[in-house]
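Please read the structure below before turning to the comments.
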2 protein chains.
Amino acid sequence: MPPPPAPSPADEDLGLVDGLAQLSFLVQSALSEIAGQHDLSVVQIRMLGILRDREPTMNQLGRHLGLDKSSITGLVDRAQRRGLVTRTASSVDRRSFQVSITDAGRQFVQQVAAEFAERIERCVAPLTEADRKRLSRMATRIVTTDARDRGIDLRTTPR
Amino acid sequence: MPPPPAPSPADEDLGLVDGLAQLSFLVQSALSEIAGQHDLSVVQIRMLGILRDREPTMNQLGRHLGLDKSSITGLVDRAQRRGLVTRTASSVDRRSFQVSITDAGRQFVQQVAAEFAERIERCVAPLTEADRKRLSRMATRIVTTDARDRGIDLRTTPR
DNA sequence: GGATTTAGTACGTGACACGAATCAAATTAG
DNA sequence: CTAATTTGATTCGTGTCACGTACTAAATCC
């Protein structure tokens, strides 16, 4: 949430909670803006990002994105209509499909990822190299711990 | 974007860019989940958070949220319908309204903020106290620098 | 005073997200 | 080996959100 500590003079610390909240809004809006320039939504990009090194079923994709399966159908529909992904009938379960990224989709995601990286690095420029290293470590730590906590999810999905 | 470095053994560093991206997804999903438990959306909560210590016009509110004015009408409409905010005719400009949070809205936002803080602190627990302090400082630094860069926005809006 | 800008609304469109209902295929029970 | 249940996915209806366009009324400019 926005700057609560209005009554400060110089550079007041926002506190961990508000700082992280605002940082997440910053990152998200950067992502949204860049994706938008390629006429893609954040969710679409997130999906493509997942599909970079995975070939999940609809269901698995839904779990990755934290979305209901009923949301996935439309998501994949739209992406497929634009030639970003494909549905392939599963050979083991005749009910399910494997979702794969197409070359076009891969190009998109690479382009967006590059622009995003550039943007983030610009935001992070005011930090010292040592701090950036620390920040990277800490973010990784938080994210992986959380992933572990809420049921394993890391690694690809070829199980 | 999800865990790209799959070929690692222990706790590989995700890198700054991916680490921050995933961290932002984590924060956002926490926020979304908590807001959802109170039957509110992230945007609604964000708006209420802004209105905690501001009383902007529709237009100013839109700028705070980075949304088009046409989006604001519906947003405020829905919130007003639920008794979370009010529109008050401006005394200086007969075209515009001041948007204010109601007591009910304030209660909601306080409750959500508390739960959110608790959740974030839990996520951040694996870090040492010193690291948490550093993380807070760095997040603040990034956020405030960015705000300064893209046209001043900090502080309340009584300009 | 007339032209232009500004604040907000109305309307249509489209992406998401969800829950409930549905169907077919797979799995489990008995 | 049927019968019952579970599971993968789709459809449909609803609601939020975001945008662009068009429009009204009030300010402001000249």
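All chains are named by letter (A, B, ...) in the order of the sequence lines, taking the proteins before the strands, and each is independently numbered beginning at 1.
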Closest-nucleotide ordering on DNA chain C, the 5'-leading residue of A/V92 and B/F97: B/F97
Distance in angstrom units between B/D39 CG and D/dG15 P, rounded: 12 Å
Rounded interatomic separation in angstrom, taking CZ from B/R95 and C1' from C/dT5: 8 Å
B/T140 side chain to B/S136 backbone, donor-acceptor under 3.5 Å: yes
Gap between atoms CD and C1', on A/Q60 and D/dG8 respectively (whole Å): 11 Å
Whole angstrom value for the distance that separates C1' of D/dT16 from CD of B/Q44: 8 Å
Phosphate OP1/OP2 of D/dA25: any B/R94 side-chain N/O under 4.0 Å: no
Below 4.0 Å: OP1/OP2 of D/dT10 and any side-chain N or O of A/R87: yes
Any B/S96 side-chain N or O less than 4.0 Å from OP1/OP2 of C/dA7: no
Spacing of A/Q80 atom CD and A/T86 atom OG1 [to the nearest 0.5 Å]: 7.0 Å
Along DNA chain C (nearest heavy atom to each residue), the more 5'-positioned of A/L40 and A/D93: A/L40
Touch class at under 4.0 angstrom, heavy-atom based, for A/S90 against every strand present: nothing
Polar side-chain atom of A/R87 near backbone of A/V99 as donor-acceptor pair, under 3.5 Å: no
Main-chain N/O of B/T57 paired with B/Q60 side-chain donor or acceptor, under 3.5 Å: yes
Polar side-chain atom of B/T102 near backbone of B/L84 as donor-acceptor pair, under 3.5 Å: yes
Rounded distance (Å) that lies between atom C1' of D/dT7 and atom CD1 of A/I72: 16 Å
Residues A/R132, A/E121: salt bridge by 4.0 Å N-O rule: no
Whole angstrom value for the distance that separates C1' of C/dA17 from CE of A/M58: 17 Å
Protein-nucleotide distance (B/H38, atom NE2; D/dT16, atom C1'), rounded to Å: 19 Å
Can you pull every protein N or O that's under 3.5 Å from an N or O on nucleotides 18-22 of chain D?
| from | atom 1 | to | atom 2 | distance (Å) |
| --- | --- | --- | --- | --- |
| D/dC19 | OP2 | B/D68 | N | 2.9 |
| D/dC19 | OP2 | B/S71 | OG | 3.3 |
| D/dG20 | N7 | B/S70 | OG | 3.3 |
| D/dG20 | O6 | B/S70 | OG | 3.1 |

Heavy-atom donor-acceptor pair, A/S71 side chain to A/L67 backbone, under 3.5 Å: no
Interatomic distance, A/Q98 CD vs D/dG8 P [rounded to whole Å]: 13 Å
